[in-house]
Amino acid sequence: MVDGVIYNDWFASDFTLKEIKTLHAVQARADRDQQYNGLYQIPTLHEVIALVKSKSKETGRTIGIYPENQAFHLSRQPQGC
């Protein structure tokens with residue numbers, strides 16, 4: 001149940017990080033390029049931040065990220081943050 005609505009579906013919170021790291025990203029929309037399906041793991045926020053820092057340093061440009069939490073009340077504080 002999310003915001004009072006019952007869903008018969010899977011959510012990220014139904015899986016451990018170890019389980020999520022076995023998955024690979026795919027493009028959900030058929031009208032978009034499918035050539036990269038299955039090539040990349042789903043990154044953690046920490047991995048995205050590390051990539052942004054690395055590419056920012058490499059290019060000499062400021063690169064930002066804009067994380068969006070869709071359902072903050074369902075989130076837990078990550079360990080070590």
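FYI, the numbering just counts along the sequence from 1.
- Within a 6.0 Å radius of NZ in K53, other residues, nucleotides and ligands contribute 12 heavy atoms or fewer.
- Contacts of Y36 classified as ring-ring contact (aromatic ring centres under 6.0 Å, His included), with partners at least two apart in sequence or in another chain: none.
- Residue L23 holds its CG atom at 5.0 Å from CD1 of I42, rounded to the nearest 0.5 Å.
- Heavy-atom neighbours of I6 CD1 from other residues, nucleotides or ligands within 6.0 Å: at or below the threshold of 12.
- Nearest heavy atoms, T44 versus E47: N-OE1, 2.8 Å.
- Contact record, T62 with S56: CA-OG, 3.7 Å, taken as the closest heavy-atom pair.
- The CG atom of L45 sits 5.5 Å away from the CD1 atom of I65 when rounded to the nearest 0.5 Å.
- Shown here is D31, whose CG atom has more than 12 heavy atoms of other residues, nucleotides or ligands within 6.0 Å.
- Not a single side chain to side chain donor-acceptor pair (under 3.5 Å) links D9 to another residue, sequence neighbours left out.
- Atom CD1 in I63 sits 8.0 Å away from atom CG in L51 (nearest 0.5 Å).
- Hydrophobic clustering (side-chain heavy atoms under 4.5 Å, transitive across Ile, Leu, Val, Met, Phe, Trp, Tyr) groups V5 together with F11.
- Every side chain to side chain contact (heavy atoms under 4.5 Å, CB included) that Q27 has, sequence neighbours left out, goes to R29, R32, Q34, N37.
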